[in-house]
Peer 1: 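Dropping a structure here in structure tokens format, bear with me for questions.
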2 protein chains.
Amino acid sequence: MTFQNPILTVDVVILTLAEGQLQVALMPRTEAPFAGRAMLPGGFVHGDPATGKVDKSTTQAALRILKHKLAFTPRHLEQVYTESGPTRDPRGWSASVIHLALHEYAVVETLVAAGRVSLHPVHPTPRLPPLAFDHRHLIDIALGRLKAKATYSTLLAHLLPPVFRLSDLRQAYELVCGTTENKANFRRKMLAADALEPADLLIGSGGRPAEGYRLREDITLIEGLISGA
Amino acid sequence: MTFQNPILTVDVVILTLAEGQLQVALMPRTEAPFAGRAMLPGGFVHGDPATGKVDKSTTQAALRILKHKLAFTPRHLEQVYTESGPTRDPRGWSASVIHLALHEYAVVETLVAAGRVSLHPVHPTPRLPPLAFDHRHLIDIALGRLKAKATYSTLLAHLLPPVFRLSDLRQAYELVCGTTENKANFRRKMLAADALEPADLLIGSGGRPAEGYRLREDITLIEGLISGA
DNA sequence: GCAATAGTGTCTCTGAGACAGTATCCG
DNA sequence: CGGATACTGTCTCAGAGACACTATTGC
């Protein structure tokens, strides 16, 4: 080929639960364009052998970038959508493979403490600073995916610690879906879905301690978890 | 940047209903690599202003390519997944944005008659020739998306003519989902979902003519169309 | 004991599914 | 009229949701 290929990047929307809100992790951007603004963690896909190690896929590129820039590997990472166009990056025609990452707050908190990222609420009441590129839009796309999958998958469990209480999971649900679920029915449906397994660990907080559960690794989809309010 | 960007292409999995099977439209590949094999319609994304007109997005690139190579615009086109890696194209590290296209058979048939594409069954009993690149895998990914969305959306209606009978839609369902649905209940659920509108057109075939329906353009998702057998 | 949270038993009522019946076309 | 296909009425039964109850901790 004689022509210049488009720019190919990966951007990762890292979400976690903090202070009763879904929050996104952002980095400060130091180089032009958009120097000084907040940005999603992301970067170029390494495909040219001349420049060093080559990524195995865009998702592997996302993992490499998170590890390198943040020393962080998320509990959950998935490709969401590829946003593209001639004007979204002033440097030229570009495509960005958006990834959604989920992790428990306790770990993301250490990234915040280390000054690597800052957290900003995106749901239910977004409060975002001006962002670089079209990153605001990319966040919306990733958030839409999370909300869409929330009702029929165990995705939200990845926002919690490895062992969690059913009440924790229910709270995550209620936050993301904007509903209030019945305690007894939620419990029954979650257990009937056979996606969780008891962790033989009691977790207490005020009243009777709760049974701890963890995700069964192989199960992700659930038939009709919440029929929808 | 001084390094070479990865190759960015678009590949389109065009599916239609023919002879009681889901079939994919393939083109003969004439250039190396993989000359002589069958391939998905696809091509490079145009991002370099020096080479002529520039695409507005990868989906627009897919539409341009289909129009140029096949003189065809599908009724439905959506981005599915971006497959990528160092080895999937011998020419270098490449990413392909897979698109799923759906259209009624009557129109695809004219493409076949014009010698532009050939149809090959992919479901329920696949019979595919050896394909170029990893196109076999790309077809599987697109097919997985179609099956996943079939039960909770009106996607399958795009495999039918603009005006269709409920029995046609039910047959498409049964084929893709591998189930047999109750005629009366299927009708009630489809109409209750409020996704179809009567077309004031009777369509006959042997017995009592059936009411023709068309898709309501704005509605795509359905709460719980088929609860699953 | 009380407050707080975890977990269970059970009733109700909707709505999915099964099935039989009626309607309308062609010959 | 019979065959074929379209459409409707209605019964049943599972399961979602509501809610009251019991269980186990800390004080």
Side-chain angles (χ1 to χ4, degrees), chain A residues 17 20 150-154 157 160-161 163-175 177-214 221-229, chain B residues 17 20 150-154 157 160-161 163-175 177-214 221-229:
Chain A
L17 276 174
T151 51
Y152 64 89
S153 78
T154 55
L160 305 174
V163 176
F164 51 87
R165 299 169 293 184
L166 281 170
S167 55
D168 297 326
L169 187 55
R170 184 170 50 82
Q171 273 179 30
Y173 253 90
E174 294 177 345
L175 178 69
C177 301
T179 63
T180 66
E181 300 299 326
N182 181 282
K183 187 176 50 158
N185 299 333
F186 184 85
R187 155 180 298 277
R188 261 189 297 261
K189 270 197 274 192
M190 279 310 305
L191 296 182
D194 216 41
L196 305 181
E197 60 184 12
D200 283 323
L201 176 65
L202 293 180
I203 307 174
S205 70
R208 166 178 169 181
E211 180 77 22
Y213 290 89
R214 73 167 65 87
L221 295 184
I222 295 179
E223 63 259 45
L225 187 53
I226 302 293
S227 69
Chain B
L17 276 175
T151 52
Y152 64 89
S153 77
T154 56
L160 305 175
V163 175
F164 51 87
R165 299 169 294 184
L166 281 170
S167 55
D168 298 327
L169 186 55
R170 183 170 51 81
Q171 273 179 29
Y173 253 90
E174 294 177 347
L175 179 69
C177 301
T179 63
T180 67
E181 299 299 325
N182 181 282
K183 192 174 46 158
N185 298 334
F186 184 85
R187 154 180 298 277
R188 259 190 297 262
K189 271 198 274 193
M190 281 309 306
L191 296 181
D194 216 42
L196 305 181
E197 59 185 14
D200 284 322
L201 177 64
L202 291 181
I203 307 176
S205 70
R208 166 176 169 182
E211 180 78 24
Y213 289 89
R214 73 167 63 89
L221 296 183
I222 295 178
E223 62 260 46
L225 187 52
I226 302 295
S227 69

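Naming convention: chains lettered A, B, ... in sequence-line order (proteins, then strands); numbering from 1 in each chain.
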Peer 1: I need the minimum non-hydrogen distance between A:Val163 and A:Gly212, along with the two atoms involved.
Peer 2: CG1-CA, 3.8 Å
Peer 1: I need the B:Leu196 CG to B:Thr154 OG1 distance, nearest 0.5 Å.
Peer 2: 7.5 Å
Peer 1: Which heavy-atom pair separates A:Pro209 from A:Leu202 by the least distance, and what is that distance?
Peer 2: CB-CB, 4.1 Å
Peer 1: Does B:Glu197 have any salt bridge (Lys or Arg N to Asp or Glu O under 4.0 Å) partners at least two apart in sequence or in another chain, and if so, which?
Peer 2: B:Arg214
Peer 1: Could you encode protein contacts along nucleotides 19-27 of chain D as a string, one character per nucleotide from 5' to 3', using B for base contact, S for sugar-phosphate-only contact and - for no contact, with a heavy-atom cut-off of under 4.0 Å?
Peer 2: B---BBBS-
Peer 1: Check the phosphate of D:dA6 against B:Ser167, side-chain N and O only, distance under 4.0 Å to OP1 or OP2. Yes or no?
Peer 2: yes
Peer 1: Applying side chain to side chain donor-acceptor pair (under 3.5 Å), name anything that partners A:Ser205, two or more places apart in sequence or on another chain.
Peer 2: A:Arg165
Peer 1: Between A:Leu169 (CG) and C:dA6 (P), how many Å, whole number?
Peer 2: 13 Å
Peer 1: Rounded to the nearest angstrom, tell me the gap between atom OH in B:Tyr213 and atom P in D:dA6.
Peer 2: 12 Å
Peer 1: For B:Glu181 and C:dA16, give me the distance from atom CD to atom C1', rounded to whole Å.
Peer 2: 11 Å
Peer 1: Between B:Glu181 and B:Asn185, is any pair of side-chain heavy atoms under 4.5 Å apart?
Peer 2: no
Peer 1: Output the rounded distance in Å from CG (A:Leu191) to C1' (D:dA16).
Peer 2: 16 Å
Peer 1: In whole angstroms, how far is the P atom of D:dC7 from the CZ atom of B:Arg170?
Peer 2: 11 Å
Peer 1: Measure CE/B:Met190 against P/C:dA16 and give the value in whole Å, please.
Peer 2: 13 Å
Peer 1: What is the separation between atom CD1 on A:Ile203 and atom C1' on C:dG7, rounded to the nearest whole Å?
Peer 2: 15 Å
Peer 1: Rounded to the Å, how far apart are B:Arg187 CZ and D:dT5 C1'?
Peer 2: 11 Å
